Amino acid sequence: MLRYVAFRILQVIPVLLGTTFLIYFMVFAMPGDPVLALFGDKTPSPAVLQQVTEQYNLDKPFIVQYLLYLGGIFRGDLGITFSGQPVSEVLASTFPVTVQLALMAIVIELVLAISIGLISGLRKGKLFDNVNLIIGLILMSVPIFVIAFVAQYFLGIKWGLFRTTVGPGAPLQDLIMPAIVLGVSLYATSMRLTRASVIDTLNQDFVRTAYAKGLSRGRVIPVHVLRNSLIPTVTNTATNFGVLMVGATVTEGIFNVPGVGNTLFKAIRLGENTTVVSFVTVMVLIYLFVNLAVDLFYAVLDPRIRYA
């Protein structure tokens, strides 16, 4: 087990270097001058333009900028934004909001996917299963911004259950509606995986043996069927969590959530290389370690899995 964990941690190093290099290159290759974008409609004097360019090392070649940034990472320095604020402070203020939003969305997704997917699998081909498959297909086809606008209209404006946008400080109650939107948008895939896995597990020999030994349905379904059916769902959920941590840009923008995705979008638009790469670096680390934790959790769900 320890050898496997050490090997997976060592894999993080080349993945991290490759990811930061590619992201830094893509931001560097974006058209436009980030310094001019910083001043908006105003035109800075040549002296100010040169000073800002030198301050952020934008006058140096790409590879030199990247190596300087990489050296700062190893020293624990994530760099400075164009507004003069340390990237670590920006990350510290936005990261907790995104974590809360992602966890709430994942909980909503899992509750819906596991409960409905289990019932659909047990009632394969019946009315509940067929209706649920149609609803899931519709949710997979509808863009997330449409789901967000529908939720804002009905839950926020018409019924007045939630605020239509997130208020200052991102209070927990304001994050419920965007979490519902994200959870519902991700639910369909996880539900279909759970349903398919439940149907497959019901036909396994160990399930038939459990029934033959006289175990009740209330014992067989949760312990033998559901537990062994969760591996694909857990894997998909781990992927969704990584996506939510850095990819909920559209939802955060619609609901004005002061999270990582919204901040990252603004940094990309301004061409802030340091901010973009620092955010992505942290997100990649989280994504890799979440997947490692999920791999190790497999052994808990299925005792047949062992790590040599």
Side-chain angles (χ1 to χ4, degrees), residues 9 12-28 30 34-35 37-38 52 55-58 62 65-106 165-172 174-175 178-179 182 238-293:
I9 292 176
V12 171
I13 299 174
V15 172
L16 191 62
L17 291 175
T19 304
T20 54
F21 181 83
L22 287 174
I23 296 297
Y24 208 97
F25 173 76
M26 286 189 289
V27 177
F28 182 88
M30 288 178 61
V35 177
L38 175 64
V52 175
Q55 179 182 353
Y56 292 100
N57 298 314
L58 298 177
F62 159 72
Q65 292 185 41
Y66 175 71
L67 292 176
L68 288 172
Y69 167 76
L70 207 59
I73 290 292
F74 287 116
R75 296 193 304 270
D77 180 13
L78 296 179
I80 305 293
T81 67
F82 285 170
S83 61
Q85 186 179 11
V87 176
S88 56
E89 292 184 4
V90 179
L91 189 62
S93 62
T94 58
F95 185 72
V97 177
T98 298
V99 170
Q100 286 182 345
L101 180 61
L103 289 176
M104 292 168 65
I106 288 297
T165 58
V166 176
L172 193 61
D174 286 1
L175 295 177
L182 289 170
T239 304
N240 288 340
F241 183 77
V243 170
L244 289 176
M245 288 302 300
V246 72
T249 307
V250 175
T251 306
E252 289 189 1
I254 292 174
F255 291 98
N256 195 33
V257 180
V260 170
N262 207 356
T263 306
L264 190 59
F265 172 73
K266 295 176 181 176
I268 293 173
R269 190 175 57 187
L270 292 175
E272 292 192 17
N273 302 14
T274 305
T275 305
V276 174
V277 181
S278 296
F279 271 56
V280 172
T281 300
V282 175
M283 295 306 108
V284 167
L285 284 173
I286 293 173
Y287 189 82
L288 292 173
F289 283 110
V290 166
N291 278 274
L292 173 60

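Just so we're clear, the structure is a prediction, and the values are computed from it rather than from any experiment.
Taking the side chain as every heavy atom from C-beta outward, Met104 and Leu172 approach each other to under 4.5 Å. In this structure the side chain of Thr94 never reaches within 4.5 angstrom of the side chain of Pro258, judged on heavy atoms. A 4.5 Å side-chain heavy-atom check between Val257 and Val97 finds at least one atom pair inside the cut-off. The side-chain heavy atoms of Leu182 and Leu244, taken from C-beta on, include a pair separated by under 4.5 Å.
In this structure Asn240 satisfies the side chain to side chain contact (heavy atoms under 4.5 Å, CB included) test together with Ile106, Glu109, Leu186, Ser190, Asn236, sequence neighbours excluded. For Leu103, the side chain to side chain contact (heavy atoms under 4.5 Å, CB included) partners are Val99, Phe241, not counting sequence neighbours. In this structure, the side chain to side chain contact (heavy atoms under 4.5 Å, CB included) partners of Glu89, at least two apart in sequence or on a different chain, are Gln85, Pro86. Thr275 is linked by a side chain to side chain contact (heavy atoms under 4.5 Å, CB included) to Thr81, Val87, Ala267, Glu272, Phe279, counting only residues two or more places apart in sequence or in another chain. For Asp174, the side-chain hydrogen bond (donor to acceptor under 3.5 Å, both in side chains) partners are Arg163, not counting sequence neighbours. Partners of Thr251 under the side-chain hydrogen bond (donor to acceptor under 3.5 Å, both in side chains) rule, at least two apart in sequence or in another chain, do not exist in this structure.
Between the side chains of Thr263 and Glu252, no donor-acceptor pair is found at a separation under 3.5 Å.
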Residues 16-23 side chain polar contacts: donor-acceptor under 3.5 Å, at least two apart:
from: Thr19; atom 1: OG1; to: Val15; atom 2: O; distance (Å): 2.6
from: Thr20; atom 1: OG1; to: Leu16; atom 2: O; distance (Å): 2.9
from: Thr20; atom 1: OG1; to: Leu17; atom 2: O; distance (Å): 3.0
from: Thr20; atom 1: OG1; to: Tyr66; atom 2: OH; distance (Å): 3.0

Kindly indicate, with the supporting measurements, whether the criterion side-chain contact (heavy atoms from CB on, under 4.5 Å) is fulfilled by Thr165 and Phe255. CA-CA 4 Å; Thr165 58; Phe255 291 98; 5.6 Å; no
Would Val276 and Phe265 count as a side-chain contact (heavy atoms from CB on, under 4.5 Å) here? Give the steps. CA-CA 9 Å; Val276 174; Phe265 172 73; over 6 Å; no
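Rounding to the nearest 0.5 Å places CG of Leu91 at 5.5 Å from CE of Met283.
For the residue pair Leu101 and Ala179, the shortest heavy atom distance occurs at CD1-N, 3.6 Å. Residues Ala170 and Leu175 approach most closely at O-CD1, 4.2 Å, considering heavy atoms.
Atom CZ of Phe25 is surrounded by 12 or fewer heavy atoms from other residues, nucleotides or ligands within 6.0 Å.
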